[in-house]
Engineer: 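Can you keep this structure in mind? I'll have questions shortly.
Remember, it's 1-based here, ligands and their atoms both numbered in the order they're listed. Along the sequence shown, the residues carry numbers beginning at 1.
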Amino acid sequence: MSKAFREEELAKIHNALIKEGFFAGSWICLERPSIEFRKFYKDFLRKAKFGILNYLQKYRLKMEPWRMLKGASSAFILLAPYITPSSKALKSKLPYKISLYAYGKDYHRVLKKRAKKVLLSCNQDHFRIITDSTPFPERYFARQAGLGFIGKNGMLIHPHRGSYFFITVILFQKKLPNSYKKNAVGKPQDDINRYCKDCTRCIDACPTGALVGDGTLDINLCISTITIEDKLSQLSYPDQSKNHKWIFGCDVCQQVCPYNHEPVLSSWKEFDPALPFEQLLTNPTRFEESILNGTALKRAGLKKLQENIQKLYNT
Ligand code: B12
């Protein structure tokens, strides 16, 4: 097996993945994240109130990418849009709000299946595809790869296509030519000064006041944590929280972001609504847990969704 990629091979993989429906991608030589990032993350962990969840401690980001794939030396980082015309249309008809990334089939499987098919067709046989299910610092490397900037809401934002996308990372053992080495590109505060400037729409709109303003958030206040990750329902909405109807994740900090004025759409059928949402939300007790199998909502489970609906009436 060749130890280094040939330029034509890199272009072939890149083009084939974009043709598949990922909207942007970039190659990067893997290195340990900068000292500045490691310090930032340590600080974030120190300040975060893990409380009952212990969530971030459990999935603590790993600073050695090669622990994800032995001998990993390079990565291709991709952005995959998830809003489809059908999910966008359904959104306004539902009695409760579900984050736009969660209408379709389980995105982990969809993204991996699609990327794997393309890689095999490009004769690649040694790689690892990861997306949101390992402690790989995805936003850090995506930013480092030049795919976007970090906004006040903490999202990786593509300057022309916004932030409604998943990050997918493909790790390879093969080396990249030196010209692909990317030097550290400043820090989120520089992005915020340059791209967000005085805008505070996300901070003002967050229903629970979770956004700090420097790209970090109080994870115990984020509706995404409360509605999905807090399995034992031990967290509660703060008293001053604004009325909201989110029962799975939350998109408010993305909805109000000016960079999302025209979200990039996906043509993948797997991201179209995969459940009878209207019936499910108006009468959840009529359904069995198995209805969520293979969908993004499975992460919360039916019982949690019912509790979330209930919780909205008690706040
Ligand atoms: C834990 C987690 C959560 C937690 C905590 C999120 C948080 N902001 O910390 C909760 C459950 C709250 C959550 C919510 C959401 N999440 Co989430 N989550 C993750 C996960 C698994 C780990 C993230 C983590 O460790 N966060 C800790 C903080 C400190 O790090 P970070 O998120 O990587 O981002 C910071 C650093 O990278 C830093 N940084 C970047 N470059 C540099 C450089 C330097 C020098 C320095 C100092 C710092 C720095 O800036 C970022 C902002 O602070 C990742 C997948 C992964 N393995 O990375 C997905 C991920 C971040 N989530 C994602 C999504 C889509 C969401 C939601 C939009 C889902 C929803 N609609 O409800 C919300 C958004 C909330 C928000 N505004 O951030 C996407 C984000 C895509 C994007 N465009 O940015 C990811 C990447 C999953 C994926 N593969 O697509 N999530």
Engineer: Report yes or no: does a heavy atom of Arg60 sit under 4.0 Å from some atom of ligand 1?
Structural biologist: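 Under 4.0 Å: no for Arg60.
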Engineer: Give the atoms of ligand 1, by number and element, whose distance to some non-hydrogen atom of Leu61 is under 4.0 Å.
Structural biologist: 25 (O)
Engineer: Side-chain donor-acceptor pair under 3.5 Å between Asn193 and Gln189, yes or no?
Structural biologist: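 Short answer, yes.
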Engineer: Which one holds for Asp132 and ligand 1: side chain close, backbone close, both close, or neither close, with close meaning a heavy atom under 4.0 Å?
Structural biologist: both
Engineer: Salt bridge between Lys93 and Glu278, side-chain N to carboxylate O under 4.0 Å?
Structural biologist: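 No salt bridge links Lys93 with Glu278.
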Engineer: Going through the distances and angles, do Asp106 and Arg299 end up as a salt bridge (Lys or Arg N to Asp or Glu O under 4.0 Å)?
Structural biologist: CA-CA 9 Å; Asp106 181 349; Arg299 182 156 179 96; over 6 Å; no
Engineer: Under 4.0 Å from a heavy atom of Gly215: which atoms of ligand 1 are those, numbered in the order shown and with their elements?
Structural biologist: 52 (C), 53 (O)
Engineer: Of the non-hydrogen atoms in His108 and Thr131, which two are nearest, and what is the gap between them?
Structural biologist: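 Where His108 meets Thr131 most closely, the heavy atoms are CD2-O, 3.1 Å.
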Engineer: Output the list of atoms in ligand 1 that are nearer than 4.0 Å to some heavy atom of Gly249, sorted by atom number.
Structural biologist: 72 (O)
Engineer: Classify the contact between Pro33 and ligand 1 as side chain, backbone, both or neither, using a heavy-atom distance cut-off of under 4.0 Å.
Structural biologist: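 The answer is neither; Pro33 stays 4.0 Å or more away.
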Engineer: Which of the numbered atoms in ligand 1 are under 4.0 angstrom from any heavy atom belonging to Ser99?
Structural biologist: 70 (C), 71 (N)
Engineer: Show the atoms of ligand 1 that are less than 4.0 angstrom away from any heavy atom in Ser163.
Structural biologist: 83 (N)
Engineer: Might you work through the side chain to side chain donor-acceptor pair (under 3.5 Å) test for Asn260 and Ser163, ending with a clear yes or no?
Structural biologist: CA-CA 7 Å; Asn260 280 327; Ser163 62; 3.1 Å; yes
Engineer: Could you say whether the N/O atoms of Ile167 and ligand 1 ever approach to under 3.5 Å?
Structural biologist: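 Ile167 vs ligand 1: N/O contact under 3.5 Å present.
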Engineer: Can you check whether Ser224 has an N/O within less than 3.5 Å of an N/O in ligand 1?
Structural biologist: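 Between Ser224 and ligand 1 (N or O atoms, distance only) the closest approach is under 3.5 Å.
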Engineer: Please determine, by modelled atom types, if Ser73 and Gln173 share a side-chain donor-acceptor pair under 3.5 angstrom.
Structural biologist: no
Engineer: Between the main-chain N or O of Phe37 and the side-chain N or O of Ser34, is there a donor-acceptor pair closer than 3.5 Å?
Structural biologist: yes
Engineer: Report the part of Cys250 in contact with ligand 1, treating N, CA, C, O as backbone and CB onward as side chain, heavy atoms under 4.0 Å; options are side chain, backbone, both, neither.
Structural biologist: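 Within the 4.0 Å criterion, Cys250 contacts ligand 1 through backbone atoms alone.
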Engineer: Taking the six-membered ring of Phe23 (Phe, Tyr or Trp), confirm whether the NZ or CZ of Arg161 is under 6.0 Å from its centre and within 45° of its axis.
Structural biologist: yes
Engineer: Side chain, backbone, both or neither: which applies to Arg143 and ligand 1 if a contact is any heavy-atom pair less than 4.0 Å apart?
Structural biologist: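 The part of Arg143 near ligand 1 is the side chain, not the backbone.
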Engineer: Please could you name the atoms of ligand 1 that Cys253 approaches to less than 4.0 Å, counting only its heavy atoms?
Structural biologist: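 Answer for ligand 1: 77 (N).
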Engineer: Going by heavy-atom distance to atom 51 (C) of ligand 1, choose the closest among Thr227, Asp43, Ile150.
Structural biologist: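 Answer by nearest heavy atom: Ile150.
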Engineer: I want to know if ligand 1 touches Tyr101 in the polar sense, i.e. an N/O pair below 3.5 angstrom.
Structural biologist: no
Engineer: What atoms in ligand 1 come closer than 4.0 Å to a heavy atom of Asp251?
Structural biologist: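 Listed by number with element, the hits are 71 (N).
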Engineer: Does Phe76 have its ring centroid less than 6.0 Å away from the ring centroid of Phe172?
Structural biologist: no
Engineer: Counting heavy atoms only, which part of Leu156 comes closer than 4.0 Å to ligand 1: side chain, backbone, both or neither?
Structural biologist: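 For Leu156, the contact with ligand 1 is made by both the backbone and the side chain.
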Engineer: Closest approach of Cys222 and Ala210, non-hydrogen atoms and distance?
Structural biologist: N-CB, 3.8 Å
Engineer: Tell me, yes or no, whether the heavy-atom count around Lys182 atom NZ, taken from other residues, nucleotides or ligands under 6.0 Å, exceeds 12.
Structural biologist: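 Yes, enclosed.
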Engineer: Using a 4.0 Å heavy-atom threshold (strictly under), name the region of Phe166 that reaches ligand 1: side chain, backbone, both or neither.
Structural biologist: both
Engineer: Short N/O distance, under 3.5 Å, between Gly154 and ligand 1?
Structural biologist: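 Such a contact does not occur with ligand 1.
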Engineer: What atoms of ligand 1 come closer than 4.0 angstrom to any heavy atom of Phe165?
Structural biologist: 81 (C), 83 (N)
Engineer: Check each heavy atom of Phe40 against ligand 1 and say whether those closer than 4.0 Å belong to the side chain, the backbone, both or neither.
Structural biologist: side chain
Engineer: I'd like to check the salt bridge (charged side-chain N to carboxylate O under 4.0 Å, His left out) partners of Glu289; sequence neighbours left out, ordered by chain and number.
Structural biologist: Lys298
Engineer: Glu229 to ligand 1: N or O pair under 3.5 Å?
Structural biologist: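 In fact, backbone or side chain, Glu229 has no N or O that close.
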Engineer: With heavy atoms only and a cut-off of under 4.0 Å, state how Lys39 meets ligand 1: side chain, backbone, both or neither.
Structural biologist: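 The answer is neither; Lys39 stays 4.0 Å or more away.
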Engineer: In this structure, does ligand 1 have an atom that sits under 4.0 Å from one of the heavy atoms of Thr134?
Structural biologist: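 The answer is yes, since Thr134 has a heavy atom less than 4.0 Å from ligand 1.
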Engineer: Looking only at distances, please establish whether an N/O atom of ligand 1 is found under 3.5 Å from an N/O atom of Arg139.
Structural biologist: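 Arg139 vs ligand 1: N/O contact under 3.5 Å present.
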Engineer: Do any heavy atoms of Gly186 fall under 4.0 Å from ligand 1?
Structural biologist: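 Per 4.0 Å heavy-atom rule, Gly186 contacts ligand 1.
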Engineer: Check this for me: Lys97, atom NZ, are more than 12 non-hydrogen atoms of other residues, nucleotides or ligands nearer than 6.0 Å?
Structural biologist: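 Correct, the count exceeds 12.
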Engineer: Would you say the ring centers of Phe271 and Tyr107 fall short of 6.0 Å from each other?
Structural biologist: no
Engineer: Going by the rule side-chain hydrogen bond (donor to acceptor under 3.5 Å, both in side chains), which residues pair with Glu8 if we only count those two or more places apart in sequence or in a different chain?
Structural biologist: Arg6
Engineer: Below 3.5 angstrom, do we get any N/O pair linking Lys187 and ligand 1?
Structural biologist: no
Engineer: Output yes when Glu9 and Lys174 qualify as a salt bridge under the 4.0 Å nitrogen-oxygen rule, no when they do not.
Structural biologist: yes
Engineer: Using distance alone, determine whether Gln254 and ligand 1 share an N or O pair under 3.5 Å.
Structural biologist: no
